[in-house]
Amino acid sequence: MRFDFFRRQQSSDGPAAGQASGQASAAGECDASGYVTYAQLLDAGKRVMGYRLAWRAASSDNAADALAQFKALMTCAGRHLNSPKTGWALGRTLLFVDVSAESIMAGELQLLPPENVVLCVEPELLMNEELRPIALFLREQGFSFMLCGADALPQEEELRGLVTHFDVGAGDRALVERLRSEAGAGQPPLQLIVTRMNEWSDFGAAAAQRLEVFVEGKHLRPGEHAAPSQGAMQPESMLIVQLMQMIQRNQDVREIEAVLKRDAALTYRLLRYINSPAIGAGVEIHSLRHAVTMLGYAPLFRWLSVLLAMSNAKGSAPFMTKKAILRGRFVELMGKGMLPAADADNLFVVGMFSLIDRLLGVPMREVLGKVQLSEAVQQAILTREGAYGPFLALAESCEEDGERAASLAEALFMSADQVNAAHLSALAWAQDLGPAEAA
């Protein structure tokens, strides 16, 4: 029934429908493949509330039109994040996607759960009389709308009722106050979102105005939003490093367990993580000895690397912890089938540790001096070279704008489909290690 509606709209004689049809036909001669990229949506506590997905064409010379690329993005997201068997993989997390007069009619939108999708639209789209029935239908289904590039809400009450989110750019205070007064009583709550934050120092002002903020990958580069330099690791971080060193020396599990028992809270967090849905051990694990017996030292080292990333809760933001966990899993999944199985945990540690200096507020070389990682792992983290480095470089490109993704994937003999599958699977996996796990 839902798809019949879109078929009727796309076969109509309206100019928007005709253009969409023409573009779809032309797209058959071009390459619609590409790479998923994202920006994180943060709340005032710097927790991840959503992702703004985008698509970077694999080929700049023979790229398909915008409509075909949009359909490819929706198909990819639907396949990996909204499986018919397991359902929506991101819980209450929202996906924001940009739509145009052509793509708003795409049936591929129906591959995602409406209540978790926000459609980002320009004012001209909402004012288009031919597209209004489609917008109203989508809103009735449960899709939300973010109005972008506007300085006021629509005057018409019907259109105003469509807008659930508003792009306030850099978060100008006068605009924010005016929009809140315009929203008025009796209207659905209006969520105001900052999409152009140039400096991290601007985040406090946005949070004070109760705004959410989109953070692009460029804001996560070295030197930006690093945890404050503390000169030394926190006590919990040092304890975790000690445990990691003991594992590397292959010390007896009873000795490792004795050290771990010094911190009951850390023991609890480790066991909670091991038994989380993301790990899926298949049996509930009640002790460190049980964990090592079941799975070995390599997974324990991996688990401790996650806890190390979470150990500076006061100095690092939750979204950075999420970023590190996601990156670790992304790098690991890309290497599966490409490298021996024994390298999987190394790949995860490469991804995690590539952000550890910003999570702990300690220079990278100091951290690596305490945790004696293998030469190949250190080479990847420090120079993006060696056996593991190219996987990390590819993950970072997909986190930013995807500009280098095609060339990096080609060098690894990976298809765009393989990279996207790993990326979105990592996004879902990291969701299972939610805020409670990072607390």
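Computed from a predicted model, the values in this text were never measured in an experiment.
- Distance check, rounded to the nearest 0.5 Å: CD1 of I240 to CG of L266 gives 5.0 Å.
- Seen from the ring of F96, R52 does not count as a face-on cation partner, given the 6.0 Å and 45° thresholds.
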**Report entry** From CA spacing to verdict: salt bridge (Lys or Arg N to Asp or Glu O under 4.0 Å), E396, R404
**Finding:** CA-CA 9 Å; E396 289 174 321; R404 300 175 60 224; over 6 Å; no
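- Comment: R254 does not engage E257 in a salt bridge, judged by the lack of any side-chain N to carboxylate O separation of less than 4.0 angstrom.
- Q40 places no side-chain N or O within donor-acceptor distance of the main-chain N or O of G50, the cut-off being under 3.5 Å.
- Checked against salt bridge (Lys or Arg N to Asp or Glu O under 4.0 Å), D343 has no partners two or more places apart in sequence or in another chain.
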Requested in this report: Before giving the answer on side-chain contact (heavy atoms from CB on, under 4.5 Å), spell out for T164 and Q191 the whole-Å C-alpha distance, their side-chain angles and the decisive distance to 0.1 Å.
Outcome: CA-CA 6 Å; T164 56; Q191 181 63 61; over 6 Å; no
Report task. Please test L73 against Q69 for side-chain contact (heavy atoms from CB on, under 4.5 Å), starting from the C-alpha separation and ending with a verdict. Result -> CA-CA 6 Å; L73 173 60; Q69 292 187 47; over 6 Å; no
Query raised in the report: What's the verdict on side-chain contact (heavy atoms from CB on, under 4.5 Å) for Q242 and V259, showing C-alpha distance, side-chain angles and the deciding distance?
Result: CA-CA 9 Å; Q242 180 184 356; V259 173; 3.9 Å; yes
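- Side chains of Y297 and N250: a donor-acceptor N/O pair is absent below 3.5 angstrom, by distance only.
- With contacts defined as side-chain heavy-atom distances shorter than 4.5 Å, the pair I193/D167 does not qualify.
- In this structure a side-chain-to-backbone donor-acceptor pair under 3.5 Å is missing from W88 to L112.
- Under the 3.5 Å distance criterion, with hydrogens and angles disregarded, no donor-acceptor pair is assigned to the side chains of R358 and S316.
- A donor atom on one side chain and an acceptor atom on the other are found under 3.5 Å apart for Q110 and Q141.
- Annotation: cation-pi pair R302/F348 present, NZ/CZ under 6.0 Å from the ring centroid and within 45° of its normal.
- Taking OG1 of T195 as the reference point, atom CD of E212 lies at 13.0 Å (rounded to 0.5 Å).
- D61 and S59 share no donor-acceptor pair across their side chains, judged by distance under 3.5 Å alone.
- Within the 3.5 Å criterion, the main-chain N or O of G34 finds a donor-acceptor partner in the side chain of N420.
- Checking T93 against Q431 by side-chain atom types alone, a donor-acceptor pair falls below 3.5 Å.
- Once rounded to the nearest 0.5 Å, the distance linking CG of L41 with CZ of F214 reads 4.5 Å.
- Around CZ of R249, the count of heavy atoms belonging to other residues, nucleotides or ligands within 6.0 Å exceeds 12.
- Using a 4.5 Å heavy-atom cutoff, the side chains of M414 and M334 are in contact.
- Note that the OG1 atom of T37 and the OH atom of Y51 stand 13.5 Å from one another [nearest 0.5 Å].
- Looking at S100 and E102, their side chains do bring a donor and an acceptor atom within 3.5 Å of each other.
- Atom CD of residue Q418 and atom CE of residue M338 lie 7.0 Å apart, to the nearest 0.5 angstrom.
- One distance of note links CG of L326 with CZ of F319; it measures 13.0 Å at 0.5 Å rounding.
- Here the side chain of D345 pairs no donor or acceptor atom with the backbone of F301 at under 3.5 angstrom.
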Query - Step-by-step side chain to side chain donor-acceptor pair (under 3.5 Å) determination, S415 to D417 - result: CA-CA 5 Å; S415 69; D417 285 345; 5.1 Å; no
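- No side-chain heavy atom of V117 sits under 4.5 Å from any side-chain heavy atom of L94.
- Applying ring-ring contact (aromatic ring centres under 6.0 Å, His included) to H423 and the options F391, F330, W429 leaves one that passes, F330.
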